[in-house]
Amino acid sequence: MTSDVTTERGRPDTIRAVPVRHPGRWIAVVVIAVLVAMFVNMLATNKNVGWPTVGHYLFSSIIFRGIRMTIELTVLSMAIGIVLGTIAAVMRLSPNPVVSGVAWVYVWFFRGTPLLVQIIFWFVFATFIPHMSFGVPFGPSFWSKDTNSLVTLFVSALLALSLNEGAYMSEIVRAGILSVDEGQSEAAHALGMTRFQVMRRVVLPQAMRVIVPPTGNEVNSMLKNTSLVSTIGLVELLRSAQIIYNANYKTIPLLIDAMIWYLVMTSILQVGQFYIERHFGRGSTRTTALTPLQKAKKLILSGHHGGL
Amino acid sequence: MSSLASSLMVDAQRVHKSFGANEVLKGIDFQVAPGQVVCLLGPSGSGKSTFLRCINHLEKINAGRLYVDGELVGYSQVGDKLYELREKDVAKKRTEIGMVFQHFNLFPHMTALANIVEAPIRVKGEAKAEVHARAHDLLAKVGLADRASAYPRQLSGGQQQRVAIARALAMRPKLMLFDEPTSALDPELVGDVLAVMRDLAQSGMTMIVVTHEIGFAREAADTVVFMDGGVVVESGPPSDVLSNPQHTRTKTFLSQVL
């Protein structure tokens with residue numbers, strides 16, 4: 001008797017089985033949908049939210065000025081922090097004990113004290129060191145200036161955020177460097193590269209794959225941590241909202257405005273991170289990750305049915 | 001420096017090397033003339049790879065003298081005094097010695113071509129166009145003309161090792177070191193790599209090969225050196241050492257690998 005499964009040529013039929021059903025997922029969808037509807041209803045009908053006020057201030061110029069300051073602080077602090085962190089990480093791995101010791105103390109101090117305390121410290125830095133001068137140590141100075149004119153409100157915020165960030169970035173970069181196989185630097189040295197070339201051309205590019213995801217996290221934290229400098233009176237996004245609600249007492253609507261903008265900015269960052277990770281992941285897998293656009297195209301062209 | 005030393009490509013005199021309290025090399029005497037192909041055999045832990053790494057100063061020797069092409073490795077000598085070389089000078093000497101590793105150690109973030117052109121351009125400062133042309137020639141020579149733009153992970157082990165050989169040759173070295181180049185390969189991929197090495201040997205390149213491939217040693221080597229326990233046990237033409245070993249340790253080893 002011939003079997004139903006195999007054809008004469010011997011190639012079995014393609015399997016067409018009934019897929020497993022997932023009733024649990026459908027129940028979860030219903031429960032979640034109800035909860036979301038209740039929450040949205042609460043938000044929409046709650047008089048305390050004051051949606052007209054939210055809309056009124058969402059695009060106001062004072063909020064926009066605050067956003068600009070938040071972005072400036074984030075970008076600058078992060079850039080300085082990444083440079084400081086990379087230098088500190090390379091120093092930590094130096095065979096010279098003095099060099100690695102200095103880097104260790106830096107990380108120990110700036111990671112070991114709260115960011116808010118550091119911000120306030122830089123704010124009152126002028127009372128600690130009123131004058132700054134440049135010259136021969138313990139000898140004559142060629143140049144001297146009042147600290148207050150150098151360390152402005154913006155500079156003290158920038159110092160606090162970037163020095164603190166550098167300490168965290170140093171640990172991230174160090175982990176990245178250590179993740180690269182030793183054979184890589186050996187091969188590079190055998191080709192006659194100097195320690196600097198090995199770092200710059202071979203080790204760091206590979207370390208990036210490990211460094212980028214936590215750094216994305218750091219940018220995200222930084223964006224939100226800039227709100228701490230509102231305590232020393234620098235007008236960034238949160239402070240802008242505070243200035244308005246201190247005048248009109250519409251606290252909740254303005255905090256919602258601030259949160260909306262923080263969410264918008266962190267969401268944009270997340271998209272950026274995807275593309276950066278994709279770039280540094282090249283060569284590490286046999287295929288490159290698809291962009292959302294490519295994924296959508298593939299989904300449509302293949303006629304694949306997503307779903308539960 | 002004696003005139004004998006300067007006519008040799010590699011001249012090791014009573015070389016010792018320890019890792020902490022563990023002495024790995026216990027007085028190696030070893031000479032390679034230009035154009036010679038030497039295979040280093042021996043059980044694992046005998047110090048073959050360590051000795052190979054001493055030759056381009058990836059490891060520092062503790063005692064003895066080691067010369068490459070008449071010059072002391074890692075030091076300069078003035079009178080009786082030795083001076084450690086600066087990093088730049090060590091690096092410069094390494095450009096003249098090619099090295100191929102057991103695990104290939106290609107740079108995974110660069111294509112095969114980029115792996116090959118990196119050092120000639122960045123280290124020796126050669127013209128880009130010239131180096132690229134040479135790299136394509138080398139890829140053709142190792143049978144990978146069509147894989148120039150492939151990343152190492154898209155290549156098989158044997159292909160990666162052949163790119164690694166091309167990468168080392170692109171520096172135009174006067175000496176090539178091979179550290180168990182086929183030990184990490186699937187058996188069916190070994191042949192392609194050995195064929196490339198055989199061609200290289202026939203072209204007159206001076207080569208020191210740490211290997212377990214007795215067949216390769218028999219047909220390609222001028223000299224076979226058998227090491228055990230950090231010393232050279234015996235050396236000579238493959239016909240002597242491989243077919244008619246004098247020491248029991250060599251006999252035991254050969255009977256185990258053959």
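Every chain is numbered from 1, with letters handed out A, B, ... down the list of sequences.
Heavy-atom distances place the backbone of B/Ile97, and not its side chain, under 4.5 Å from chain A. Heavy-atom distances place both the backbone and the side chain of B/Phe107 under 4.5 Å from chain A. Both the backbone and the side chain of A/Glu186 come within contact range of chain B, each with at least one heavy atom under 4.5 Å from a heavy atom of that chain.
Aromatic pair B/Tyr75/B/Tyr83: ring centres not closer than 6.0 Å.
Shortest non-hydrogen contact noted between B/Thr95 and A/Leu191 is CG2-O, 3.9 Å. Here the shortest heavy-atom pairing between B/Arg198 and B/Ala220 reads CG-CB, 4.4 Å. Here the shortest heavy-atom pairing between A/Tyr262 and A/Leu223 reads CE2-O, 3.7 Å. Between A/Ala157 and A/Leu73, the shortest heavy-atom distance links the atoms CB-CD2, 4.1 Å. Considering all non-hydrogen atoms of both residues, B/Leu41 and B/Lys48 come closest at C-CD, 3.6 Å.
Listed by sequence position, B/Arg167, B/Met171 are the residues of residues 165-176 of chain B in contact with chain A, using a 4.5 angstrom heavy-atom cutoff. Residues of residues 76-109 of chain A never come within less than 4.5 angstrom of chain B, heavy atom to heavy atom.
Of the inter-residue distances, the one linking B/Thr182 atom OG1 with B/Asp192 atom CG reads 12.0 Å to the nearest 0.5 angstrom. To the nearest 0.5 Å, atom CG of residue B/Leu66 and atom CD1 of residue B/Ile61 are 5.0 Å apart.
No donor-acceptor pair closer than 3.5 Å links the side chain of B/Glu71 to the backbone N or O of B/Val68. Between the side chain of B/Ser18 and the backbone N or O of B/Ala21 there is no donor-acceptor pair closer than 3.5 Å.
Contact count against chain B (heavy-atom pairs under 4.5 Å) is highest for A/Arg201 among A/Arg195, A/Gln197, A/Arg201. Ranked by non-hydrogen atom pairs under 4.5 Å with chain B, the options A/Asp181, A/Val180, A/Val202 are led by A/Val202. Counting heavy-atom pairs closer than 4.5 Å to chain A, the top residue among B/Thr111, B/Val90, B/Leu106 is B/Leu106.
The only member of B/Glu96, B/Met99, B/Lys93 that meets side chain to side chain contact (heavy atoms under 4.5 Å, CB included) when paired with B/Asn56 is B/Met99.
Taking the side chain as every heavy atom from C-beta outward, B/Phe30 and B/Val10 approach each other to under 4.5 Å.
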